[in-house]
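Structure, as structure tokens:
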Amino acid sequence: MIGMAPQSRPDRPSIDTMEELKLLAVTAGAEVAGSVVQKSVRINPAYYFGAGKVEEIAAVVQESGADLVICDEDLSPGQTRNLEKAIGTRVIDRSGIILDIFAKRAQSRAGVLQVELAQLTYLLPRLVGRGEMLSRLGGGIGTRGPGEMKLEVDRRRIRSRLTKIKHELKGIRSSREIHRKKRGAVPLPVVALVGYTNAGKSTLLNALTGADVFTEDKLFATLDPTTRKLRLPNGLLILVTDTVGFIQKLPHPLVEAFKATLEEINEAQLLLHVVDLHHPGFVKQMESVQGVLEEIGASDIPALYVYNKTDLCPDYRELFLQYPREIPSVLISALMKRGLDELKEEIFTLLLDHFEEVTVALPLHSPGGEEVYRRVMHEIHSQGKVLNQEFIEEQCIARVLVSRELAAKLKAKFGSAQVSSQ
Ligand SMILES: Nc1nc2c(ncn2[C@@H]2O[C@H](COP(=O)(O)OP(=O)(O)OP(=O)(O)O)[C@@H](O)[C@H]2O)c(=O)[nH]1
Ligand SMILES: [Mg+2]
């Protein structure tokens with residue numbers, strides 16, 4: 001592993017990026033044989049690292065018998081080639097290793113295609129004169145396609161494959177849209193879980209909804225979005241979506257390729273920004289999550305900070321107090337299921353704007369009246385709650401709390417509706 005020392009990177013001082021790179025390497029299935037760090041700030045355009053450092057790297061590689069060098073910084077295709085020549089082994093950069101992990105993780109058809117799209121886009125400019133080296137060394141890391149399939153390394157064939165993938169993704173996208181529109185028939189507010197990879201988003205979804213999403217103490221356990229219903233304690237029903245985790249410098253081809261998946265985030269009325277309070281670099285992690293949210297155009301969606309893993313931090317209250325409080329936040333342990341009631345309360349408060357209290361008058365004894373009553377009550381229960389109901393003069397007068405959309409529909413149909421200002 002090679003990289004820059006933190007002091008040479010004032011732009012991101014507090015995440016130990018080499019430590020994170022090690023996690024990335026292990027997640028990709030590599031064994032770390034050694035690491036070399038450069039302290040100087042000057043970047044050598046040909047090799048990225050200074051000439052002396054390159055020699056040092058080559059020596060470490062020789063000594064340890066390493067067959068792959070992973071660089072913490074993103075390298076240009078030219079720098080990669082030059083380094084490979086000078087060191088005598090294959091070199092992949094941070095984006096390359098992240099793409100490789102995504103390839104290993106991809107499962108759904110859409111996930112597989114999106115990852116392959118990102119990988120090929122990334123690979124194309126890096127191919128010149130390297131076909132041989134790509135397939136030979138380093139246990140294939142960086143050239144594995146989704147599902148251990150080998151990536152195409154012929155430029156012409158890559159181009160035609162890219163066209164095919166884009167076409168198929170378009171199809172998937174429109175069928176998802178149809179699906180979403182159908183879901184829109186009963187409009188439930190959507191809450192999206194966002195956060196740095198490994199923050200505990202999937203664990204939280206499981207804890208809240210009894211879902212069974214795969215969780216793991218490695219990076220990027222989740223690639224495909226999962227949505228589950230959650231009934232808040234006051235009876236309101238919402239949807240919670242878990243999706244792919246972020247990382248600092250999420251490779252751009254990946255963000256591009258995953259736009260469709262990330263769109264799920266843009267559909268949400270509220271973001272739960274899950275933070276691993278136990279991670280020493282959590283403040284930096286929060287900033288990079290914010291960066292990705294801006295990139296995908298989701299930074300205006302109201303957010304609730306959910307500080308997780310409090311069970312690992314005996315001093316979590318102090319940690320929490322040091323942090324700016326202008327954004328609503330809660331402290332939880334998703335694993336121990338602590339703080340979840342408070343979290344649900346807070347979600348309810350923040351979503352209150354999306355609900356409305358109305359009074360409806362349902363005629364009971366007109367022809368078909370009971371059927372109408374049953375149908376409307378079913379619709380109300382499917383997303384909201386009946387606060388009280390009285391039967392007066394062959395009518396049911398019910399005060400209900402439902403989404404604004406349903407409230408509007410009910411008001412239009414069942415006349416005597418009055419809006420209260422809850
Ligand atoms: N101690 C402790 N561990 C937790 C808590 N929440 C999650 N974890 C652990 O943290 C690791 C990551 O959890 P995940 O739920 O997979 O994290 P994620 O945010 O979904 O990660 P990606 O899908 O990789 O982005 C797992 O090993 C969890 O068991 C918590 O409250 N306390
Ligand atoms: Mg996950």
Side-chain angles (χ1 to χ4, degrees), residues 15 19-29 97-108 111 114-115 191-228 240-251 254-255 258 261-262 264-265 268 271-282 284-286 288-293 296 303-317 319-320 329-344:
I15 296 188
E19 205 43 51
E20 187 173 272
L21 188 69
K22 193 167 164 187
L23 265 179
L24 286 168
V26 171
T27 304
I97 194 94
I98 293 175
L99 286 166
D100 194 82
I101 295 170
F102 270 68
K104 271 178 65 177
R105 301 282 202 194
Q107 271 180 4
S108 71
Q114 289 175 126
V115 171
V191 170
L193 295 163
V194 299
Y196 212 76
T197 177
N198 215 41
K201 300 176 293 298
S202 303
T203 309
L204 179 56
L205 181 79
N206 292 345
L208 283 174
T209 69
D212 192 18
V213 175
F214 174 69
T215 66
E216 195 184 15
D217 195 12
K218 282 191 177 171
L219 308 182
F220 302 116
T222 309
L223 290 196
D224 297 312
T226 303
T227 301
R228 287 284 180 279
V240 186
T241 295
D242 174 29
T243 183
V244 58
F246 300 165
I247 195 163
Q248 54 170 336
K249 298 175 75 201
L250 200 59
L254 210 49
V255 177
F258 270 76
T261 297
L262 294 169
E264 305 264 335
I265 296 176
L271 304 180
L272 301 188
H273 182 163
V274 183
V275 178
D276 176 356
L277 197 60
H278 182 60
H279 196 285
F282 78 89
K284 266 279 160 204
Q285 293 189 338
M286 291 167 78
S288 54
V289 170
Q290 194 54 36
V292 181
L293 289 176
I296 61 171
L304 167 63
Y305 281 150
V306 181
Y307 293 95
N308 189 29
K309 308 200 187 179
T310 52
D311 57 296
L312 297 177
C313 322
D315 55 345
Y316 68 86
R317 290 197 188 278
L319 266 172
F320 179 61
S329 24
V330 286
L331 287 158
I332 65 154
S333 164
L335 198 65
M336 303 296 168
K337 302 196 172 165
R338 284 206 304 246
L340 299 186
D341 288 341
E342 200 194 334
L343 170 63
K344 288 187 228 173

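Just follow the structure's listing: the first ligand is 1, and inside any ligand the first atom is 1. Below, each value reflects all heavy atoms present in this structure, side chains not excepted, and no hydrogens, waters or symmetry copies.
- When heavy-atom distances to ligand 1 are checked against 4.0 Å, the residues falling inside are T197, N198, A199, G200, K201, S202, T203, T215, E216, D217, K218, L219, F220, A221, T222, G245, N308, K309, D311, L312, S333, A334, L335, ordered by chain and number.
- Under 2.8 Å from the Mg ion (ligand 2), one finds the following protein N/O/S atoms: S202 OG, T222 OG1.
- Not counting sequence neighbours, H278 has no partner by the ring pair (Phe, Tyr, Trp, His ring centres under 6.0 Å) test.
- S288 places a side-chain N or O within donor-acceptor distance of the main-chain N or O of Q285, the cut-off being under 3.5 Å.
- Put simply, the residue from L277, L204, L331, V275 that forms a side-chain contact (heavy atoms from CB on, under 4.5 Å) with V306 is L204.
- In summary, of the residues considered (T27, D276, D217, T215), a side chain to side chain donor-acceptor pair (under 3.5 Å) with N198 occurs for D217 alone.
- Taking the charged nitrogens against the carboxylate oxygens, K201 and D242 have no contact shorter than 4.0 Å, which rules out a salt bridge.
- No donor-acceptor distance shorter than 3.5 angstrom exists from the side chain of T222 to the backbone of T243, with no hydrogens or angles considered.
- Partners of R105 under the salt bridge (Lys or Arg N to Asp or Glu O under 4.0 Å) rule, at least two apart in sequence or in another chain, are E216.
- Between the T197 side chain and the F220 main chain, a donor and an acceptor come within less than 3.5 Å of each other.
- Y305 is listed as a side-chain neighbour of M286, based on a closest heavy-atom distance under 4.5 Å.
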